[in-house]
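For the single chain, residues carry numbers from 1 onward in sequence order.
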Amino acid sequence: MLDIAVGRDDFADTWPTGNAVAEIDVMAVRADARGRGIGKALLAAAGRLLEARGVSDCCVGAIAGNAGAIRLYASAGFRPAWAEMVRWTPGSKPKSSGMAQAKTQ
């Protein structure tokens with residue numbers, strides 16, 4: 001899912017951007033389908049869609065432990081821009097290195 005924000009100045013104090021900035025809100029590939037180029041194809045399709053709309057600035061987030069997603073985004077030209085930090089309940093640990101997977105029937 002892509003979100004294109006027009007006329008926002010959220011980044012203006014830090015980064016020069018165009019009038020429109022896109023964010024990849026949701027992108028997922030089933031665990032058993034990873035490593036087949038699907039994520040790369042999805043990013044390429046999103047890039048073409050954004051280019052057709054004149055949007056060149058785009059951001060995406062990934063959970064710090066999701067090394068595969070981070071490698072994928074880096075291979076598509078994304079670079080770290082900020083750190084989001086969290087404080088969980090003392091003693092808690094992440095359940096996995098990525099987002100929980102929903103089971104399908």
Side-chain angles (χ1 to χ4, degrees):
M1 183 169 76
L2 286 171
D3 178 30
I4 300 173
V6 178
R8 285 178 46 185
D9 59 2
D10 299 30
F11 304 115
D13 60 342
T14 306
W15 297 285
T17 65
N19 186 46
V21 176
E23 180 176 7
I24 299 173
D25 286 329
V26 179
M27 188 178 107
V29 176
R30 283 179 29 164
D32 62 345
R34 292 180 187 148
R36 299 180 189 172
I38 297 168
K40 193 171 194 173
L42 288 170
L43 282 177
R48 289 189 300 274
L49 186 143
L50 293 173
E51 183 178 340
R53 287 166 174 71
V55 180
S56 59
D57 299 311
C58 184
C59 58
V60 64
I63 296 170
N66 193 341
I70 293 168
R71 277 192 308 274
L72 172 66
Y73 299 142
S75 75
F78 289 88
R79 298 291 175 256
W82 65 75
E84 183 170 330
M85 301 170 72
V86 297
R87 184 176 69 194
W88 303 121
T89 303
S92 69
K93 295 189 295 187
K95 293 179 182 178
S96 71
S97 64
M99 292 174 39
Q101 307 235 345
K103 294 195 178 205
T104 57
Q105 303 275 345

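- In terms of heavy-atom proximity, Ala22 sits nearest to Leu50 at CB-CD2, 3.6 Å.
- The shortest heavy-atom contact between Val29 and Gly39 is CG2-N, 3.9 Å.
- Expressed to the nearest 0.5 Å, how far CG of Asn19 lies from CD1 of Ile4 amounts to 11.5 Å.
- The CG atom of Asn66 sits 9.5 Å away from the CG atom of Leu72 when rounded to the nearest 0.5 Å.
- Two residues are said to be in side-chain contact when any heavy atoms from C-beta on lie closer than 4.5 Å; Leu43 and Met27 meet this criterion.
- Between atom CG of residue Asp3 and atom SG of residue Cys58 there is a gap of 10.0 Å, rounded to the nearest 0.5 Å.
- Closest heavy-atom contact between Ala62 and Ile70: CB-CG1, 3.8 Å.
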>> The test is side-chain contact (heavy atoms from CB on, under 4.5 Å); show your working for Val55 and Val21 and say whether it passes.
In response: CA-CA 7 Å; Val55 180; Val21 176; 6.0 Å; no
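- Summarising the geometry of Ala28 relative to Leu42, their closest heavy-atom pair is O-CD1, 4.3 Å, with the distance given to 0.1 Å.
- What you find for Ala33 and Ile38 is that their closest heavy atoms are O-CD1, 3.6 Å.
- Under the 4.5 Å side-chain heavy-atom criterion for ILVMFWY residues, no single connected hydrophobic cluster contains both Leu49 and Val26.
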